[in-house]
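Right, one structure below, let's go through it.
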Amino acid sequence: ETGVTQSPTHLIKTRGQQVTLRCSSQSGHNTVSWYQQALGQGPQFIFQYYREEENGRGNFPPRFSGLQFPNYSSELNVNALELDDSALYLCASSLGRGGTRDTQYFGPGTRLTVL
Amino acid sequence: AQSVTQPDIHITVSEGASLELRCNYSYGATPYLFWYVQSPGQGLQLLLKYFSGDTLVQGIKGFEAEFKRSQSSFNLRKPSVHWSDAAEYFCVVMEYGNKLVFGAGTILRVKS
C-alpha cells in the first residue's frame with residue numbers, strides 16, 4: 001500500500017505567477033484535503049475534495065483553487081502569487097463519504113517560496 | 001469556531017524522563033481528537049486518535065493520550081523520552097465535514 005505522495009518537493013516562484021501542486025492519495029482513499037502551513041504555525045485548512053467535487057473550504061481567497069481527478073489524485077492551483085503564500089502545502093487523504101469524520105493521512109508536503 | 005490551545009510553545013526534557021504535552025480544545029459536540037508529529041521539514045505523522053470509548057488511547061512509539069471531557073483536555077504522555085522524539089507535536093480537533101483544526105504546536109527538545 002503506497003502512502004500519500006506530493007510533487008514537487010520544493011518550488012520557487014515570483015510574485016504574480018501561478019503555481020500547481022500535485023498530490024496522489026493513499027490507495028483506496030476518495031477524499032483529499034489541502035492545508036497551508038506557514039513558518040512557525042500549525043496547518044490551516046484550505047479545502048477538501050470528495051469524488052471530484054469541492055466539499056468544504058476554509059478562509060482562503062478564490063485564487064486558491066483545486067481539482068480532484070477520477071483516480072482521486074488532486075491539484076492545488078494558486079494564481080497571482082503573493083509573498084505571504086510562501087509556506088509548506090500539505091495534502092491529506094482519507095477514506096470517507098464526504099461528511100463523515102475519518103482519519104487523514106498526510107503527504108510530505110511541497111515547500112513553496114515566493115520571491 | 002472550534003479551537004485548539006497548546007499552551008507550551010517549547011518544552012525541553014532530558015532523555016529518559018517522562019513527558020506530558022498539554023492540549024485544550026473548544027468543540028460543542030463529541031470531539032474527534034488527534035495528535036500528529038512533524039519532524040523538521042517533514043509532513044505529519046499520526047500518533048494516535050480518539051473517536052469514542054476508552055478515554056485512555058494508546059498510539060505509536062509508546063505515546064498515549066487521555067481524553068477528559070470535564071476539562072476539555074487531551075494531553076499527550078510518554079513515560080520515557082528518546083532523543084528521536086525531538087519534533088513538533090500538534091493537537092488537532094476534527095470538525096464535522098472532516099476539516100482538521102490544528103493547535104499552534106509544541107516543539108519538543110530532548111537533551112542528553
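Chain letters run A, B, ... following the sequence lines, proteins first, then strands; residues in each count from 1. Hydrogens, waters and symmetry mates are skipped; everything else that's a heavy atom, side chains included, is used.
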_Less than 4.5 Å to any heavy atom of chain A: does that hold for the side chain of B:Gln38, its backbone, both, or neither?_
side chain
*Gap between atom OH of B:Tyr36 and atom CG of A:Leu90 - 0.5 Å precision*: 11.0 Å
*With the 4.5 Å side-chain cut-off for hydrophobic clustering, are B:Leu47 and B:Val110 part of the same group?*
yes
*Per-residue contact mode, B:Lys49 against chain A (heavy atom under 4.5 angstrom)*: side chain
*asked:* Could you see if B:Ile60 belongs to whatever hydrophobic cluster contains B:Val37? Use Ile, Leu, Val, Met, Phe, Trp, Tyr and a side-chain cutoff under 4.5 Å.
replied: yes
*What part of A:Gln41 gets closer than 4.5 Å to chain B, counting heavy atoms only: side chain, backbone, both or neither?*
backbone
*Is it the side chain or the backbone of A:Tyr35 that comes within 4.5 Å of chain B heavy atoms, both, or neither?*
side chain
*asked:* Pair A:Phe106, B:Leu100 - check side chain to side chain contact (heavy atoms under 4.5 Å, CB included), show working.
replied: CA-CA 12 Å; A:Phe106 283 83; B:Leu100 298 182; 3.9 Å; yes
*asked:* Hydrophobic clusters here meaning ILVMFWY residues chained together by side-chain heavy-atom distances under 4.5 Å, can you tell me if A:Leu83 and A:Phe64 are in one?
replied: yes
*Flag if over 12 foreign heavy atoms under 6.0 Å of CG, A:Leu115*: yes
*asked:* How about CG on B:Leu56, more than 12 heavy atoms from neighbouring residues, nucleotides or ligands closer than 6.0 Å, or not?
replied: yes
*For B:Leu46, is it the side chain, the backbone, both, or neither that has a heavy atom closer than 4.5 Å to a heavy atom of chain A?*
side chain
*Would you please say whether a donor-acceptor pair under 3.5 Å links the side chains of B:Asn98 and A:Ser94?*
yes
_Is it the case that over 12 heavy atoms from other parts of the model lie below 6.0 angstrom from the CD atom of B:Gln58?_
yes
*Go through the atoms of A:Gln37 and report whether side chain, backbone, both or neither lie under 4.5 Å from a heavy atom of chain B.*
side chain
_Applying side chain to side chain contact (heavy atoms under 4.5 Å, CB included) to B:Lys99 and A:Phe47, what does each step give before you reach the verdict?_
CA-CA 8 Å; B:Lys99 166 189 171 181; A:Phe47 45 56; over 6 Å; no
_Please determine whether residues B:Tyr25 and B:Val57 belong to a single hydrophobic cluster, defined as Ile, Leu, Val, Met, Phe, Trp and Tyr linked transitively by side-chain heavy-atom distances below 4.5 Å._
yes
*B:Arg77, CZ atom: more than 12 neighbouring heavy atoms under 6.0 Å*: yes
_Atom pair OG1/CZ of A:Thr103 and B:Phe51 - distance to nearest 0.5 Å_ = 3.5 Å
_Heavy-atom closest contact (A:Pro43 atom, B:Phe90 atom, distance)_ = CD-CE2, 4.1 Å
*Group every Ile, Leu, Val, Met, Phe, Trp and Tyr by side-chain heavy-atom contacts under 4.5 Å, then state whether B:Phe67 and B:Tyr89 land in the same group.*
yes
_Any side-chain heavy-atom pair of B:Leu44 and A:Tyr105 under 4.5 Å_ = no
